[in-house]
Number of protein chains: 2
Amino acid sequence: MRQPGDKMRLGAFLTATGQHIAAWRHPDVQADGGINLQEYIRIVKIAEAGKFDMMFLADNAGIWDRELESDGRSSRAGYFEPITLLSALSAVTEKIGLVATATTSFNEPYTIARKYASLDHLSGGRAGWNLVTSANAAEAYNYGLDVHLLHAERYNRAEEFADVVTGLWETWEDDALLFDKEGGRFFDPDKLKLLNHAGKYFKVRGPLNVPRTPQGRPVMVQAGSSEPGKELAARTAEVVFTAQPKLEDGIAFYADLKGRLARYGRTPCELKIMPGLSPVVGATREEAQAKFRELQDLIDPDVALGMLSSMAGHDLSGYPLDGPFPDLSDSDSGKGRLKVLTDTARRENMTIRELANHIAGTRGHNLVIGTPTEIADQMEEWFASEAADGFNIMPQALPGSLSDFVDLVIPELRKRGLFRDEYEGTTLRENLGLPWPELGGVRRAAKQDASLT
Amino acid sequence: MRQPGDKMRLGAFLTATGQHIAAWRHPDVQADGGINLQEYIRIVKIAEAGKFDMMFLADNAGIWDRELESDGRSSRAGYFEPITLLSALSAVTEKIGLVATATTSFNEPYTIARKYASLDHLSGGRAGWNLVTSANAAEAYNYGLDVHLLHAERYNRAEEFADVVTGLWETWEDDALLFDKEGGRFFDPDKLKLLNHAGKYFKVRGPLNVPRTPQGRPVMVQAGSSEPGKELAARTAEVVFTAQPKLEDGIAFYADLKGRLARYGRTPCELKIMPGLSPVVGATREEAQAKFRELQDLIDPDVALGMLSSMAGHDLSGYPLDGPFPDLSDSDSGKGRLKVLTDTARRENMTIRELANHIAGTRGHNLVIGTPTEIADQMEEWFASEAADGFNIMPQALPGSLSDFVDLVIPELRKRGLFRDEYEGTTLRENLGLPWPELGGVRRAAKQDASLT
């Protein structure tokens, strides 16, 4: 499936303070990283010096109950809103892609289309939108609801939402702006179209009040692994971020998702699959293990159990902490996650405590502890086996774990010809090797289009 | 009413390319200014060097019909979304306030509270929110509606919206964040509260997932001049931007609005009134007039008539262009504006064409053409007469008209002791001389508050 010479793609998943639940307590970490712009600038510059394709920000439109109920022990209650943060970072970076998460469940498509198009202009073509449907009821409570939307309903809305957003991004043709001072023509009216979308969830006339963007349109990113999630990704996503802790599962997921593209008239290279990878790097394996132990020792057991409960979609505080992880019924939030947790617990024969401690550092993603060679070996194996087109690197504690990866692992990947020496282009789309989005390519939801003339 | 020693406040109203409708055609103006970050950085740095309190961005959530129907001759069809732009500018400025417009009619309060709180953290306490209710139906068409919301309905929603936003900004107490690495306490749970708002339009649990901001909360700005607009401002605004082309009207508006504050338990100094002022500065009056004529000569008559129609809320293309401005019935959009237009036309005995050309450079605001002394004289007169606590300066063409004001008028204001030499503080609130917002001061809509504990 892969093109000859294709390089590995790398994203930097930059949760404030780091991926590890106790990172904020580490002596080398700025505990206020989530609201500290200077610290984020320092971090994104490390990632850009390493030539990462993009930085990636997760998001929730509310404080999860596990945070509220943590007695102040959990660090993810307050932080920058991602689009504002990435807009700020766009002014102090030059090449790295800027991918922010936004939910389709509690936003309006015109607003989302506009903000990401604006970020794409601000950054010279480096914006990406990670579409999520909001797994947590805490968000619904902030947007007028007493109970969360059902999974199927969320995905129906997301399908239409994605089409309206991409449709709005295409209301301006590439060369619509004329800037003709002499003739008094600012834009060519024949190259600006209404959208006139009218669907089950949305009615949007358009056009967008932001012109066609430097990379045609922002890159579409998704992370769903449920059936509707994979189907939406196959139809509309250009990058998929996924939690695959095991190679065989990664290969199966990759083949499954890439195999769905043809039915939407797409080729496999139009979608890059990038599993999460949380590396702990040391000059020796012992040094790496010591680094990880240092973080693990800072875990608050209640916070870890709260996070596990939240990820599983079930309150686990009633189960014996040193007993096995129970068989739980599929909840309606984040369907893919419970399966990953259950598989991991069964495979490694973990107790609840052990699983809670395990996910405290990984949040269900692939944890690799070792030397640069060992980590590069595993990355190469996944890449060669077609389990991954690249990885979303999830540093455990910032900025140290990111610096370690940039200083130690990336040179090893380069030596093997797996990763770039320099950015190939100026836009995220160019660096990811994604095609220019032709107009009409994703405009399946627009029921009627009308020229203005 | 004013405190002794109070200085004049200055905002910079930085529409892309400038306030004048034909500015983009001027040879010294970057025609692509609306989507050119480097140009905006250059401009905001001029304003910051001049020690402006803030830069101010207007906004519409859609392309107005007058733009769409301009045959490509109008320049306001596409531009940066303001919150993303100001977030970018927050990373490259240090002192100047950053005020962006957002509508209460087509947003959700949790989203708005979050974005502006995030901008306040990004900028170290320099964010302001200009609350508008959307005067134009084009926005409604992008948000599910076939007809626009009625004026009264918009203001009812805005009243509740403002309370939810300020309530969310107060869900974190000032010192809620502990960052206690040793003890494992990230925040103090007793200092984080639910909002539990349930009203006619919104149901919002909270808390906000952004902590209390550097200036307590973003500065609340408004521009409505209808009765409901003035009442909302008297209750919730800290800065009011208003179009007052005539001194007597400015004095009356100032006395009217300040007089309404007491009934909400507020003192006059808690709200700063800043009329728009569009200066054209020259070393001599002739030079200033020549500068203005140069812009006026670039006006496209159809574009000017389209803007006048749009501001009046009535299509004027059926009236004789060289006949008098007709008596029009009050439309439902932007009630205050039609009165300003009618008053101006009657006072100056203007034809439709003359009024269209007049507002092409001012959009209904106070135009002053003259030497630095003449402009400072008028500003001083308005300030001393209590028609203004300061001005929102609307440069005709960017960056030239802004540089002229900074280089020529500001030194004259300083010489007279009317304007600062240096920023007094680091936050917008400090520079404007606004009090620190005590918790509970604006939390009138929260029907019930619940501690988390």
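Worth knowing before you read on, the calculation uses all heavy atoms, side chains too, and leaves out hydrogens, waters and symmetry mates. Note on naming: letters A, B, ... go to the chains in the order of the sequence lines (proteins, then strands), and numbering restarts at 1 for each one.
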- Message: Let me confirm one number: the CD-CD1 distance from Glu81(B) to Ile112(A), rounded to the nearest 0.5 Å.
- Response: 10.0 Å
- Atom group of Leu177(A) that falls short of 4.5 Å from chain B, counting heavy atoms: side chain
- Taken to the nearest 0.5 Å, the spacing of Phe179(A) CZ from Ser75(B) OG works out to 10.0 Å
- Query: Under 3.5 Å, is there a donor-acceptor pair between the side chain of Lys203(B) and the main chain of Leu145(A)?
  - Reply: no
- Contact origin within Ser70(A) toward chain B - heavy atom pairs under 4.5 Å: side chain
- Message: Need one label for Leu85(A): side chain, backbone, both or neither, based on atoms under 4.5 Å from any heavy atom in chain B.
- Response: both
- Note on the structure: The single option from Thr84(B), Leu89(B), Asn36(B) that satisfies side chain to side chain contact (heavy atoms under 4.5 Å, CB included) with Leu122(A) is Thr84(B)
- Query: Can you check whether Gly206(B)'s main-chain N or O pairs, donor with acceptor, with Asn142(A)'s side chain at less than 3.5 Å?
  - Reply: yes
- Task: Below 4.5 Å from any heavy atom of chain B, which atoms of Pro27(A) appear? Answer side chain, backbone, both or neither.
- Result: backbone
- Contact origin within Glu182(A) toward chain B - heavy atom pairs under 4.5 Å: backbone
- Query: Can you find a heavy atom in the side chain of Pro207(A) that is under 4.5 Å from one in the side chain of Leu68(B)?
  - Reply: yes
- Item | Contact origin within Asp120(A) toward chain B - heavy atom pairs under 4.5 Å | neither
- Note on the structure: Residues Arg114(B) and Phe80(A): closest non-hydrogen pair is NH2-O, 4.4 Å
- Item | Contacting region of Glu67(A) [heavy-atom separation from chain B under 4.5 Å] | backbone
- Would you please say whether a donor-acceptor pair under 3.5 Å links the side chains of Thr111(B) and Tyr143(A)? yes
- Task: Check for a donor-acceptor pair, side chain of Asn209(B) on one end and backbone N or O of Asn60(A) on the other, with a separation under 3.5 Å.
- Result: yes
- Query: Is the side chain of Arg25(B) donor-acceptor paired with the backbone N or O of Gly183(A) at a distance under 3.5 Å, no angle test?
  - Reply: no
- Indicate the atoms forming the closest heavy-atom contact of Ala88(A) with Ser90(B), along with that distance. CB-OG, 4.0 Å
- Would you say Lys115(A)'s side chain and Ile83(B)'s backbone share a donor-acceptor pair under 3.5 angstrom? no
- Contact origin within Val210(A) toward chain B - heavy atom pairs under 4.5 Å: both
- Which atoms of Asp146(A) come close to chain B, meaning under 4.5 Å heavy atom to heavy atom: side chain ones, backbone ones, both, or neither? side chain
- Message: Tell me if a side-chain donor or acceptor on Arg185(A) pairs with a main-chain N or O of Asp71(B) at a distance below 3.5 Å.
- Response: yes
- Item | Spatial distance of atom CZ (Phe186(A)) from atom CG (Asp32(B)) [nearest 0.5 Å] | 8.0 Å
